[in-house]
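Notes to accompany the following structure.
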Amino acid sequence: MRNLSSKIFSRTDFWFLTIVCAVLLSWIVISNISPHASKAVILVHGKIYKVVSLDKNALFNIKWKDIHLMTVQTKNGSIRVKESTCKNKICVRTGWISKDGQSIVCVPNRVIIYTKGAKQAPYDLMTYQ
Amino acid sequence: MRKTRVVILSIFTLALVGVVLVTVILKRPPQYYIQQGIAFGTDVKFAYATKKRNAKIVVDAMFDELKKLDNIFNPYREKSELYKLNHSNGKWMKVDPRLFNVLKYSTDFSKETNGEFDPTLGKVVVLWGFNTDDPNKWRLPQPSEISGALKHTGYKYVEFKGNKVRLLNGVWIDLGAIAKGYAVDVLLKMAKMNDPSSSGYVDIGGDIGIIGPKYGNQPWKIGIRNPRGTINDAIAHVYLYKGTIATSGDYERFIIKNGKRYYHIFDPKTGYSPNNFESITTISTSGILSDAFGTAAMVGGMEKTQKWSKGLGVAYLIVDEKGHVETNSLWKNYEEP
């Protein structure tokens, strides 16, 4: 059996097949790794207003047509609305979010903030009243 | 001999590459087209995957449909069909078939729940100010104001003739307890009409409908919001391959006066909010049923909820006034993937 296989596959063939396998395995591993870093996407009136990195600590204002809507803060991989001009303040009370599947919504100001490329929340969706 | 070796080696390499390619392609999940926005007075999120490669077109059409539905069902928008009906002074009015069907469903559901669910509490809602997003306008009315508003309620004052409707006794319709669920049903139908094997979900402000299992064969994991926690804090989870889920609760539009919580759902008999549950989450095959059932249950309390759920096949999770969680036997079907 050993003689038969050595007749079919030489040492060169063995190394060739090993390299082919290594290339394929590397490709599978690379294709399964997410290339994204943690970001937050800020939508205002349905359009992307800003994409911010969650790796940097920052404090910035969101304006629409020169009108101040809210102040947003990023810190330690999380994002929150620190202050908002809306009346119900649901967006402020949402607090920090850091996981995909979570979002901050301000209906009166028509602002949505969600993360992208972060760790997945322990759920896909949330039902609430 | 060398020629045979080259042939065998080539076949072996090609087979290896083929197996890996097929494995990777099969393993790769369908790409969801996800769109998030504000419509219907709330935040809306759709995820949709279809082999027809027209996901964006369908999702855009779903957003357009939501705008149309808002123009029909929003009772506080002067141009809406429902606003016009509420101000039709008891005259017969031909209404959009969608409004007609939802009104019919609402009054039938009122009969089924012996009036615990009532779509004619519009004047009571406005009196408390819960029709607005502005907490400064939410207030505790005087008892005389409440009894005055209650005189203009009652689902029996909604009459149907052919494709016409009339509202007697000055009642105002508010479909806040049912419209989101109806919209979920409409959008699910749109998605499935485009492609019966499509997958994804529609989420209209926490009223969720499943278009199809995640990646074709996995359940969507859905968190149930803790009524006394933060917005992203879940008290339980369920796994849904299909169907709809909705939640009613006392924690978003409320005021606290003299240590008592008053919120946006009202007992049609008293004009005050009931004290039965902090929240109820319901699962059923239809969004409109899941939505309406939750409101009726908040008013009806535990015994009636148990009775109705058996008749209607609705699974529920209740967080009662003391924060205790109670589920029915149907709910257990969704606790594991």
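All values derive from a computational prediction rather than experimental measurement. A, B, ... follow the sequence lines: proteins, then strands. Residue 1 opens every chain.
For B:Ser248, the part lying near chain A is the backbone, with the side chain staying farther off; criterion is any non-hydrogen pair under 4.5 Å. The parts of B:Asn232 that come within reach of chain A are both its backbone and its side chain, each placing non-hydrogen atoms under 4.5 angstrom from that chain. Interface residue A:Cys106: only backbone heavy atoms are found under 4.5 Å from chain B. Proximity to chain B (any heavy atom under 4.5 Å) is restricted, for A:Val105, to the side chain, taken from C-beta onward. Only the side chain of A:Leu43 comes within contact range of chain B, with at least one heavy atom under 4.5 Å from a heavy atom of that chain. Heavy-atom distances place no part of B:Asp291 under 4.5 Å from chain A, backbone and side chain included. Contacts of B:Ala47 with chain A are absent, with no heavy-atom separation under 4.5 Å from either backbone or side chain. For B:Ile208, the part lying near chain A is the side chain, with the backbone staying farther off; criterion is any non-hydrogen pair under 4.5 Å. With a 4.5 angstrom heavy-atom cutoff, A:Ile90 touches chain B via backbone and side-chain atoms both. Looking at A:Val111, the atoms closer than 4.5 Å to chain B (heavy atoms on both sides) all sit in the backbone: N, CA, C or O.
A distance of 9.0 Å separates CG of B:Asn131 from NZ of B:Lys137, quoted to the nearest 0.5 Å. Going from atom CD of B:Glu65 over to atom CZ of B:Phe63 covers 13.0 Å, rounded to the nearest 0.5 Å.
Most heavy-atom pairs under 4.5 Å with chain A: of the set B:Gly41, B:Pro135, B:Ser279, this distinction falls to B:Pro135. Top candidate by heavy-atom pairs under 4.5 Å with chain A, chosen from B:Ile224, B:Asp250, B:Thr230, B:Thr281, is B:Ile224. Among the candidates A:Cys86, A:Gly101, A:Pro122, the residue making the largest number of heavy-atom pairs closer than 4.5 Å to chain B is A:Pro122. Between chain A and the residues B:Asp207, B:Asp134, B:Thr42, the largest count of heavy-atom pairs under 4.5 Å involves B:Asp134.
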Steps toward salt bridge (charged side-chain N to carboxylate O under 4.0 Å, His left out) verdict (B:Asp233, B:Arg225): CA-CA 6 Å; B:Asp233 178 18; B:Arg225 184 176 157 187; over 6 Å; no

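Between A:Lys39 and A:Asp55, none of the side-chain N atoms (NZ, or NE/NH1/NH2) sits under 4.0 Å from a carboxylate O, so this pair counts as no salt bridge. Ion pairing between A:Asp124 and B:Lys214 holds under the 4.0 Å rule for side-chain N and carboxylate O.
In this structure, B:Arg253 fails the cation-pi test against B:Phe130, since its NZ or CZ atom is not both closer than 6.0 Å to the six-membered ring centre and inside 45 degrees of the ring normal.
Counting only N and O atoms by type, the side chains of B:Gln35 and B:Tyr33 include a donor and acceptor under 3.5 Å apart.
The environment of A:Lys99 atom NZ is sparse: at most 12 non-hydrogen atoms of other residues, nucleotides or ligands sit within 6.0 angstrom. Other residues, nucleotides and ligands contribute over 12 non-hydrogen atoms within 6.0 Å of the CG atom of A:Leu59.
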